[in-house]
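What follows is a set of notes on a single structure, which appears directly below.
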Amino acid sequence: MGERIKVFIEGKEIEVEKGTPLGEVLKRAGIRDALGGKLGDEILDLQTPVREGGELKPVFKGDPESLEILRHSLAHIMAQALKEIYGTRKVHLGVGPTTEEGFYYDVEVEGHRITEEDLPKIEEKMREIIRRDYPILRREISREEAIKLFEDLKEKYKIEIINRIPQDEVISVYEQGDFVDLCKGPHLPSTGQAGAFKLMSVSGAYWMGRADQPQLTRIYGIAFWEEEELKERLRLHEEAKRRDHRRLGRELEFFLIDEEVGPGLVIWLPRGAVYRRVLEDYWKEEHIKRGYQLVYTPHVGRSKLWERSGHTEYYKENMFPEMEMEGEGYYVKPMNCPFHIAIYKSRVRSYRELPMKIAELGTVYRYEMSGVLHGLMRVRGFTQDDAHIICTPDQVEGVIKETLEFAVSMLKDFGFNEFKVYLSTRPEHAIGTNEQWERSQSALREAIEDLGLEYEIDEGGGAFYGPKIDVKIRDALGRLWQCSTIQFDFNLPERFDMTYVGPDNKKHRPYMIHRAILGSIERFTGVLLEHYGGLLPLWLSPTQVRVLPIAERHVSYAKKVFSELERAGFRVEMDEREERLGAKIREAELMKIPYLAIVGDREVETETVSVRGKREGNLGSMRVEELIEFLRGKVERKE
RNA sequence: GCUGGCGUAGCUCAGUAGGCAGAGCGCGGGAUUUGUAAUCCCGUGGUCGCGGGUUCAAGUCCCGCCGCCAGCUCCA
């Protein structure tokens, strides 16, 4: 009799011998149609021996966890297809994990470069393997056996993986037909049960993610149980493409990135600049309301400054190279903090003036590797909505709470309502005292909990100089984007010898916090454009209303409408070209102008305008004052 | 930066196997006076990313560089 363990399934307690396959365990609990089970964080398939007791959740086809099983098996089916096409010993498999929407496999094919053109052929072979309906069998083998097996198969990468598996861990392989792969599972019982999939793309990926290692070909696929779900996902991909901010930025005349000007350097076109001005005005007002002091600082600073701040030591690879003038070195700023510190230090500070909140829409320049640049999302020059808060130790809790609240409320104003917060705590090598770390970390955690936000802790993921929280927002397509960050800094106050005079008339070291809410204006704009598909909320729209006279005889009345709207504070345009109404409307629609005020004989006659909303369509006739009220309401509610 | 793909008119794209650079939209001019997503006609527009090479001949083939795209890596 072996060791016995207890598992709990749907409230039932089942005692089995350690190592009983999961399928057997489930059978004893009276569950027959499951695909696997979840024990702790691990998803096991039916063949996996259960070696630990605990709560066991059966996983059925259709459960989110079941996709993991499906996708794992599809990765193997793809690998098998590759081997059948290019030769078993010519294909060297790397790793083949599942992703959020499918799977990929990193492979090296000797003597052939896989391109997207190969994908249909591979897909076809995969379908064939699925039709053959091979049973997928799990086998646990010894380390020696495993090494011999994969050496025979010329699977050099698998050997490396085996050598990294801890000595006490079981090594398992899965077989289907004459294909065998090192894998801990989970898998479907047979290839015939694989669902709907599509191979999407091919790209390079370093072995082990390290640039000094060989580069393999990564083949991506997406997979779902049902054809319908797959189609829906492909539709989302199309939608994302349609909403690509780079396309919208050009079409709506928001911004330009010009090769001659330089990669990663954004030029804001007049329409984009109007939007940006509105956004920045709003941002400034909100900061002033909350007691921030707005400042402006230079774009370059002496090398000595960056040496003192530590940037030349820790951040140099992200900085534009040093320039020299009158024998003195200068750097273009990658951050605003040293300047804000200079402001703080411009005179002696009393505890009475803390917390001091210094804010700036500060444009910084960072060297980013050419391959990572991407529209507005990843650039080399950008404007941070930056602020530094300097406070006494016992103000920390209040300051953090207020800051997080501020961030969330601002993001909500832009129409984002779903947030995910990440708390990064002390890493192994860190500066600062235990007291500083604990106080800061608990202030961060409390603030998140007080606001009832969903969060995750990234244990040890903080910077060496302090813990932080990052806020990510979820967009209309379900994607997460990092925006806000609240970061403690125990380093700079020391380096710059920042002090304040306390009630005891002695000098003390303040706490300092870096924070950004939108992150960068450029990136945030990219996110906004994609979130709204270019149709920004009325308050942010560069043009809010366009007046369309139908014929020339309506122009003078249209001008009256135009100036009334303008006087009411709206951003208005008029299209008085000799064009058909349909054409004027079409162009306005393409420019995503939120409201059109159309005037023809009827409107002149009745002193009204015919209103057409981009979202709502024809809204019928109303008096100009009514339109103004209607638009005002929308602007005020930030709709 | 690395791997792969791409780079033709302002935009979207065609250009077979080297053999006189094309279309639609845009833009300019004219006609049309127009009712909820494209009026018609005429015209304009290109160092084919840049630089070399092969060839009688290069948008097309080869090499180098630049940029873009998908990833790797990194991040606001």
Side-chain angles (χ1 to χ4, degrees), chain A residues 104 106 108 113-117 200-220 241 244 246-247 250-251 253 256-264 317-318 334-336 362-386 470 472 481-485 487 514-527 548-555 576-591 596-603 610-614 616-621:
Chain A
Y104 66 79
D106 286 349
E108 181 180 288
R113 174 161 292 150
I114 302 236
T115 66
E116 308 220 337
E117 275 144 42
M200 299 297 286
S201 60
V202 170
S203 68
Y206 294 112
W207 171 237
M208 319 231 312
R210 281 176 29 196
D212 58 345
Q213 295 288 324
Q215 190 152 23
L216 309 183
T217 304
R218 176 167 296 180
I219 307 175
Y220 281 91
K241 218 195 269 175
D244 190 319
R246 290 167 298 185
R247 169 208 288 254
R250 189 178 53 237
E251 288 174 357
E253 296 173 12
L256 176 76
I257 294 173
D258 184 291
E259 188 181 325
E260 202 176 357
V261 172
E317 64 280 13
N318 289 299
M335 293 189 194
N336 303 301
T363 303
V364 297
Y365 292 86
R366 298 183 185 173
Y367 169 71
E368 296 284 355
M369 289 191 291
S370 58
V372 306
L373 300 175
H374 179 87
L376 293 180
M377 302 296 192
R378 198 67 188 281
V379 294
R380 287 186 175 153
F382 59 96
T383 301
Q384 286 184 304
D385 67 318
D386 204 3
D470 294 316
K472 293 190 182 185
W481 300 97
Q482 190 190 321
C483 294
S484 315
T485 177
Q487 164 86 60
H514 309 257
R515 57 107 271 202
I517 294 178
L518 308 176
S520 91
I521 305 295
E522 285 75 5
R523 197 247 265 292
F524 190 74
T525 299
V527 174
L548 308 185
I550 290 174
E552 208 182 333
R553 64 178 177 278
H554 309 125
V555 168
E576 53 181 298
R577 293 170 310 160
E578 288 178 28
E579 270 297 347
R580 283 168 204 277
L581 181 60
K584 294 186 185 182
I585 289 175
R586 180 181 152 79
E587 278 178 40
E589 290 280 341
L590 290 175
M591 287 308 281
L596 305 180
I598 299 162
V599 299
D601 291 335
R602 285 201 298 273
E603 288 73 24
S610 174
V611 180
R612 179 184 161 112
K614 172 92 182 91
E616 308 94 313
N618 195 340
L619 288 166
S621 288

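Sequence lines set the chain letters: A, B, ... in the order given, protein chains first and strands last, and positions in each chain run from 1. All values below come from the heavy atoms of this structure, side chains included, with hydrogens, waters and symmetry mates left out.
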Have a look at [X] and say if it touches a base, only the backbone sugar-phosphate, or nothing, with a 4.0 Å heavy-atom cut-off.
X	result
A:Ala583	sugar-phosphate
A:Lys614	base
A:Gly600	base
A:Ile521	nothing
A:Tyr220	sugar-phosphate

I want to verify a distance call: between [options], whose nearest atom is closest to the [X] side chain?
X	options	answer
A:Glu259	B:C66, B:G35, B:U36	B:C66
A:Pro263	B:G67, B:A76, B:A37	B:G67
A:Arg250	B:U12, B:U73, B:A37	B:U12
A:Glu603	B:G35, B:U39, B:U36	B:G35
A:Glu579	B:U36, B:U39, B:A76	B:U39
A:Arg586	B:C75, B:A37, B:G1	B:A37
A:Val379	B:A76, B:A70, B:G1	B:A76
A:Glu589	B:U39, B:C75, B:A37	B:A37

With a 3.5 Å cut-off and heavy atoms only, can you find an N or O donor on one side and an acceptor on the other between the side chain of [X] and the base of [N]?
X	N	value
A:Arg580	B:G35	no
A:Gln487	B:A76	no
A:Glu578	B:G30	no
A:Arg523	B:A76	no
A:Arg378	B:C74	yes

Quick one: does [X]'s side chain have a donor or acceptor within less than 3.5 Å of a partner on [Y]'s backbone?
X	Y	answer
A:Arg366	A:Asn318	no
A:Glu587	A:Lys584	no
A:Asp385	A:Gly519	yes
A:Glu589	A:Lys614	no

Which whole number of Å gives the distance between the [atom1] atom of [N] and that of [M]?
N	M	atom1	result
B:C69	B:C62	P	25 Å
B:C6	B:A14	P	12 Å
B:U60	B:G19	P	11 Å
B:G1	B:U16	C1'	38 Å
B:U73	B:A37	C1'	44 Å
B:G4	B:A58	C1'	25 Å
B:C68	B:U32	C1'	43 Å
B:A21	B:U47	C1'	13 Å

Please give the nucleotide sitting opposite B:G67 as a Watson-Crick or G-U wobble pair, both distances under 3.5 Å, or none.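 By the stated definition (distances under 3.5 Å), B:C6 pairs with B:G67.
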B:G18 pairs with which nucleotide, Watson-Crick or G-U wobble, both distances below 3.5 Å?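 By the stated definition (distances under 3.5 Å), nothing pairs with B:G18.
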Counting only side-chain nitrogens and oxygens, does [X] get under 4.0 Å of the OP1 or OP2 atom of [N]?
X	N	result
A:His554	B:U33	no
A:Arg218	B:G4	no
A:Arg246	B:A70	yes
A:Arg247	B:C11	no

Are A:Phe382 and the base of B:A76 stacked, counting only ring centres nearer than 5.5 Å and planes tilted under 30°?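 It does: the ring sits over the base of B:A76.
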Let me know the distance between CZ of A:Arg380 and P of B:C68, rounded to the nearest Å.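 From A:Arg380 CZ to B:C68 P: 8 Å.
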In the structure I gave you, are the side-chain heavy atoms of [X] and [Y] within less than 4.5 Å of one another anywhere?
X	Y	result
A:His514	A:Asn336	no
A:Arg380	A:Tyr365	no
A:Leu373	A:Pro263	yes
A:Cys483	A:Leu518	no

Nearest-nucleotide 5' precedence on RNA chain B, A:Gly617 against A:Glu552: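 In this pair, the answer is A:Glu552.
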